[in-house]
Amino acid sequence: MLNIVLFGPPGAGKGTQSQKLIQKYGLIHLSTGDLLRSEIAQGTELGLKAKGLMDAGLLVPDEVVIGMIESKLAQNPNAAGFIFDGFPRTVPQAEALDQLLQKYDQGISCMVALEVPEEELVKRLLLRGQTSGRPDDADEVLIQKRVVEYNTKTAPVANYYAQQNKFYAINGIGEIDEIFNKSCEVIEACQAV
Ligand code: AMP
C-alpha cells in the first residue's frame with residue numbers, strides 16, 4: 001500500500017494536490033476537515049460539537065478525528081492506499097495513526113510537506129474565503145489563530161516523521177503542476193525504498 005501524509009499549514013495547497021495525487025495513484029483521500037464539515041452538514045452530534053471549535057480556528061479533540069480515521073480505514077479494506085490530508089495534526093494523532101495502520105500490517109510510506117510562508121497563506125485563505133463559504137476562512141483574525149494552532153500543535157508532527165526518515169519538504173509556491181510533479185518525484189522515490 002502507498003500511504004501518504006500530505007502536510008502543511010492551512011492554505012498550503014493540500015486539498016488541490018490531494019485531488020491530483022489520488023487520481024494518479026488510485027488512492028483514497030481522507031481529509032479530516034472534509035469529514036468534519038460533512039458531519040456538520042448532516043447535523044450530527046459530532047458535527048455540532050466540532051463546529052464551535054472549527055469556527056473558532058481551534059483543533060477538535062484528538063479522539064474525535066482518530067475515531068473518524070479508524071472507521072474510514074475499516075470501511076476500505078481493499079484500498080491501494082490513502083492520502084491523509086489535514087491529519088495527523090498533533091503528535092498523539094500521528095502515534096495513533098501508526099497503531100491503526102499496524103493492525104493492517106501497514107505503515108506510512110512518506111510525509112510530503114508543502115512549505116509556504118505565512119503572509120502568502122493569509123492571502124490565499126482570504127481569497128478562498130470569498131468563494132469557499134467556510135466561516136474559518138472569513139477573517140484574518142481567525143486565519144491567524146489557525147496558523148498559531150498549526151505552529152504550536154501541528155508543526156512538531158514533521159519531526160515525528162523526520163525521526164522515521166519519512167519527511168520530505170517541497171516548496172509550495174509556484175504552479176500547481178510544478179508542485180505536483182515534485183510531489184510525485186518524492187512519492188516515487190519512497191515507493192522505490
Ligand atoms: P481543514 O479543512 O483541514 O483546514 O480543517 C478545518 C478545521 O477542522 C480545523 O481548523 C480544525 O478545527 C478541524 N480539524 C481538521 N482536521 C483536524 C485534525 N486532524 N485534528 C484536529 N482538528 C482538525
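Counting starts at 1 for both ligands and their atoms, in listed order.
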Donor-acceptor contact below 3.5 Å, side chain [X] vs main chain [Y]:
{"X": "Q17", "Y": "I176", "answer": "yes"}
{"X": "R146", "Y": "I143", "answer": "no"}
{"X": "N3", "Y": "G107", "answer": "yes"}
{"X": "S38", "Y": "D34", "answer": "no"}

* Close-range residues for ligand 1, whose non-hydrogen atoms fall below the 4.0 Å threshold ->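 Contacting ligand 1 under 4.0 Å are T32, G33, L36, R37, M54, L58, L59, V60, V65, G86, F87, R89, Q93, R134, D136, R146.
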* Asked: Between V65 and L35, does a side chain to side chain contact (heavy atoms under 4.5 Å, CB included) hold up when you go through it step by step?
  -> CA-CA 9 Å; V65 283; L35 293 172; over 6 Å; no
* Step-by-step salt bridge (Lys or Arg N to Asp or Glu O under 4.0 Å) determination, K49 to E45 -> CA-CA 6 Å; K49 280 194 194 145; E45 196 180 324; 3.7 Å; yes
